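To keep things clear, I will list the structure first and then write my remarks on it.
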Amino acid sequence: MKIGLPHVAAFWDNTVRKLPRAPAVACDGRALTYGEADELVARLAGYLAEVAGVGRGDRVTLALPNCLEFFLAYWATLRLGRS
């Protein structure tokens, strides 16, 4: 990563910090705020790291429809990339 160009996950962190109660995602009648989504993202990232052994530099493939779970998995994998 170049200095001055934040990783895309930094945009997520910034938004969660500034707007934790703002709507982040809605799909199929389900909606999450940034704060709620961030909690789930952290849990999934923890699972991927601790149980599945996924870490920085690993490649992860997501084969999901356009759904809430894809949104959460995408951000969880980005979180792993910066640890």
Side-chain angles (χ1 to χ4, degrees):
M1 172 172 51
K2 295 181 182 180
I3 295 175
L5 296 176
H7 188 278
V8 71
F11 293 106
W12 173 265
D13 294 337
N14 188 47
T15 304
V16 170
R17 185 175 45 79
K18 288 183 175 181
L19 303 167
R21 291 184 182 93
V25 63
C27 185
D28 295 330
R30 300 183 305 174
L32 295 172
T33 66
Y34 279 99
E36 293 167 334
D38 193 57
E39 288 180 30
L40 294 171
V41 166
R43 288 178 52 197
L44 180 54
Y47 173 85
L48 290 172
E50 295 170 24
V51 178
V54 179
R56 185 177 187 157
D58 291 343
R59 290 184 170 97
V60 176
T61 299
L62 299 175
L64 294 165
N66 191 12
C67 60
L68 182 64
E69 291 77 14
F70 179 88
F71 177 85
L72 298 171
Y74 171 80
W75 288 106
T77 57
L78 285 182
R79 180 168 290 186
L80 291 172
R82 62 174 190 208
S83 54

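Please read these numbers as outputs of a predicted model, since none were measured by experiment. Throughout, residue positions are numbered sequentially from 1 according to the sequence presented.
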Practice item. Apply side-chain contact (heavy atoms from CB on, under 4.5 Å) to the pair Asp58 and Leu80, showing each step before the final yes or no. Key: CA-CA 9 Å; Asp58 291 343; Leu80 291 172; over 6 Å; no
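What you find for Glu36 and Ala31 is that their closest heavy atoms are OE1-O, 4.1 Å. Heavy atoms only, all atoms of each residue included: Arg21 and Thr33 are closest at O-CG2, 3.4 Å.
Taken together through direct or relayed side-chain contacts under 4.5 Å among Ile, Leu, Val, Met, Phe, Trp and Tyr, Val60 and Leu64 form part of one hydrophobic cluster. Under the 4.5 Å side-chain heavy-atom criterion for Ile, Leu, Val, Met, Phe, Trp and Tyr, Trp12 and Val8 are members of the same hydrophobic cluster.
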Side-chain atoms of residues 66-77: list all donor-acceptor pairs with protein atoms under 3.5 Å, sequence neighbours left out, distances to 0.1 Å.
from, atom 1, to, atom 2, distance (Å)
Glu69, OE1, Arg30, NH2, 3.4
Glu69, OE2, Arg30, NH1, 3.4
Glu69, OE2, Arg30, NH2, 2.9
Thr77, OG1, Ala73, O, 3.2
Thr77, OG1, Tyr74, O, 2.8

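The number of heavy atoms from other shown groups lying within 6.0 Å of CZ (Arg43) does not exceed 12.
Put simply, CG on Leu48 and CZ on Arg79 are 11.5 Å apart, with the number rounded to the nearest 0.5 Å.
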